[in-house]
Each structure stands twice: as C-alpha cells, then as structure tokens.
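Encoded as structure tokens, the structure appears first; notes follow it.
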Amino acid sequence: GELHLIKDIQGKTIKNYGVLQNVTEKRQVEDALTESKTMLSKIFDSSPVMISITELSSGQVFFVNEYTFSYTGFTFEEIKGKKSSDLGWLSPHERAKLFNQFEKDKKVRGMELSFTRKNGEKLWGIVNAELIIVNNKESMLSIVTDITDYKKAEESIHENKTKFSTVLDYAPVLISI
C-alpha cells in the first residue's frame, strides 16, 4: 500500500491518506501453489517408474524424475537438453512404433517396448504417454514401468519348456507324467 502525509509549516502531520490492499487471498493462492508444486515434485521423484517430458517440436527431453537415472544409467548432465533420439533409449524401430501410435491418438496406453541402458543392457517397459502443453508447446509426458524381470522369467519359462519338450520327444523310453 501507499501512505501519504500532509504536514503543516512546522512539519507536524495534520492529515494522512493512503491505499491499503488486502493481499491475504493472493498469499493463500501463492501458498497453495507452492504446496502443490512441492507435492507434485515429491510424487515425481519418489515414483518407482521412469517419468519424462519431451518437447515434441524439438525432441528435447526437458524433465526426468530420479528413477530415470537409475533405469537408464544416464546422469542429469547427460540427459539435459538432449534429444531423446540421441540418448539411444529406444531403437529406431521401437521409437517409430511409439511415435506412430502417439501421433495417431495423442496418447499411448500399455505399449510394451524394449529399451537400452547406457551400458548396452536391454530392458523392457510398459509405456503410457499423454499429450500435455508446457510453456505453450506440445510435449509428451511418458511413464515407463519396468517389466524386465517379468520378461526374463517369461523367457526362462519358454527355454525350459523347449528343453522339456526336446527331452520328451527324444527320450529312448516312454515317459509318462
């Protein structure tokens, strides 16, 4: 607010006037916004899934959560400002599959894709993606759930099944189960 004083010749205040503004509501809104930002930040960073936001026009990844670093093996400095295609998380085939579906529906639900960590290790994930607007630019919010252990178990079951069938087919004696 503003306060103005009117003084007489001796410098004694004889009148004052001013404008005061109640900022309680504004302060409450600011506090609620800060609380909301803090809550969303904690949700993103403590989530056990990979979360990233990529600007669609440039392909640059501009947000990732903490889990992304452990999942991909990249550091923040290695990801910051890079295009998702430069990071090599997805093969060109997997990337095309994801973006074709995303361009068609502006979202992706439950797409199984293989990823590559920085060290070359192959991982599997279920991708869900959504179109969002950030700073007036279309962006893709991606959430990847790691299913690598499930895929390895599935592969092991398939291998054991194949071995078991081979033993049964070529056994010199009759085997009954």
Side-chain angles (χ1 to χ4, degrees), residues 1-2 19-155 158:
E2 292 181 28
V19 177
L20 295 176
Q21 184 179 7
N22 186 348
V23 294
T24 303
E25 188 176 319
K26 181 181 176 188
R27 180 63 187 201
Q28 289 171 338
V29 169
E30 288 173 350
D31 288 348
L33 184 59
T34 299
E35 186 177 310
S36 180
K37 285 180 180 178
T38 301
M39 180 184 68
L40 284 175
S41 178
K42 288 182 187 282
I43 289 169
F44 281 138
D45 283 337
S46 65
S47 185
V49 294
M50 184 174 125
I51 302 173
S52 64
I53 301 175
T54 304
E55 184 184 295
L56 292 176
S57 63
S58 68
Q60 287 186 322
V61 177
F62 65 90
F63 175 85
V64 294
N65 68 336
E66 290 292 325
Y67 184 80
T68 301
F69 305 130
S70 62
Y71 187 75
T72 65
F74 286 96
T75 65
F76 175 75
E77 289 75 25
E78 292 170 314
I79 293 172
K80 180 181 165 188
K82 295 281 190 333
K83 291 184 176 186
S84 56
S85 58
D86 294 339
L87 295 168
W89 293 342
L90 293 170
S91 69
H93 170 75
E94 297 283 74
R95 185 173 166 72
K97 181 179 167 184
L98 173 64
F99 277 93
N100 288 341
Q101 181 70 43
F102 187 78
E103 286 176 10
K104 180 179 155 204
D105 297 334
K106 299 299 182 204
K107 65 181 177 183
V108 173
R109 294 288 179 262
M111 182 179 286
E112 191 174 293
L113 295 173
S114 64
F115 292 82
T116 305
R117 293 190 80 210
K118 181 181 170 185
N119 67 5
E121 179 186 358
K122 186 176 179 180
L123 304 170
W124 288 91
I126 298 287
V127 178
N128 290 285
E130 190 78 35
L131 177 68
I132 61 172
I133 306 298
V134 179
N135 297 326
N136 295 318
K137 295 180 181 178
E138 288 190 341
S139 301
M140 181 170 57
L141 168 66
S142 304
I143 300 173
V144 180
T145 304
D146 184 10
I147 60 166
T148 304
D149 290 341
Y150 170 80
K151 292 298 280 185
K152 286 179 180 178
E154 193 177 67
E155 196 174 284
H158 178 72

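The figures that follow rest on heavy atoms only: side chains count, while hydrogens, waters and symmetry mates do not.
Side-chain contact between F74 and V64 is absent, with no heavy-atom pair separated by less than 4.5 Å. When side chains are defined from C-beta on, S139 does not count as touching F63, because their heavy atoms never get closer than 4.5 Å. Within the 4.5 Å cutoff, no side-chain heavy atoms of T54 are placed close to those of F62. No side-chain heavy atom of F76 sits less than 4.5 Å from a side-chain heavy atom of T68. Inter-residue side-chain proximity for I79 and F69 is flagged as met; some heavy-atom pair is nearer than 4.5 Å. Two residues are said to be in side-chain contact when any heavy atoms from C-beta on lie closer than 4.5 Å; D146 and M50 fail this criterion.
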side-chain contact (heavy atoms from CB on, under 4.5 Å) between V134 and L141, worked out: CA-CA 10 Å; V134 179; L141 168 66; over 6 Å; no

Audit row: E55, K83, salt bridge (Lys or Arg N to Asp or Glu O under 4.0 Å) steps and yes/no: CA-CA 9 Å; E55 184 184 295; K83 291 184 176 186; over 6 Å; no

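The minimum heavy-atom distance between L87 and E78, with the atom names listed, is CD2-O, 3.6 Å. The minimum heavy-atom distance between S85 and R95, with the atom names listed, is CB-NE, 3.6 Å. Among all heavy-atom pairs drawn from N128 and G110, the shortest one is OD1-N, 2.9 Å.
For the residue pair S91 / E94, no side-chain donor-acceptor distance below 3.5 Å is found, with atom types taken as modelled.
The number of heavy atoms from other shown groups lying within 6.0 Å of NZ (K106) is above 12. The environment of N135 atom CG is sparse: at most 12 non-hydrogen atoms of other residues, nucleotides or ligands sit within 6.0 angstrom.
Residues that satisfy the side-chain contact (heavy atoms from CB on, under 4.5 Å) test with S36, not counting sequence neighbours, are L40. Scanning for side-chain contact (heavy atoms from CB on, under 4.5 Å) contacts around S47 gives V49, I51, N65, with sequence neighbours left out. Applying the salt bridge (Lys or Arg N to Asp or Glu O under 4.0 Å) criterion to K151, with sequence neighbours excluded, gives E112, E154.
E121 contributes atom CD, which lies 5.5 Å from atom CG of N119 (distance to the nearest 0.5 angstrom). Here the CD1 atom belonging to I53 is positioned 9.0 Å from the OG atom belonging to S142, to the nearest 0.5 angstrom. If you take CG on L90 and NZ on K97, they are separated by 10.5 Å, rounding to the nearest 0.5 Å. To the nearest 0.5 angstrom, Q60 atom CD is 10.0 Å from K82 atom NZ. Between the CD atom of E103 and the CG atom of L98 there is a distance of 10.0 Å, given to the nearest 0.5 Å. For the atom pair OH (Y71) and OG (S52), the distance works out to 11.0 Å, reported to the nearest 0.5 Å.
A side-chain donor-acceptor contact under 3.5 Å links R109 to the backbone of A129. T148 places a side-chain N or O within donor-acceptor distance of the main-chain N or O of W124, the cut-off being under 3.5 Å. Although no hydrogens or angles enter the test, the distance criterion places a donor-acceptor pair under 3.5 Å between the side chain of T38 and the main chain of T34.
Tested against V144, the residues V127, I126, T72 include a single side chain to side chain contact (heavy atoms under 4.5 Å, CB included) partner, V127.
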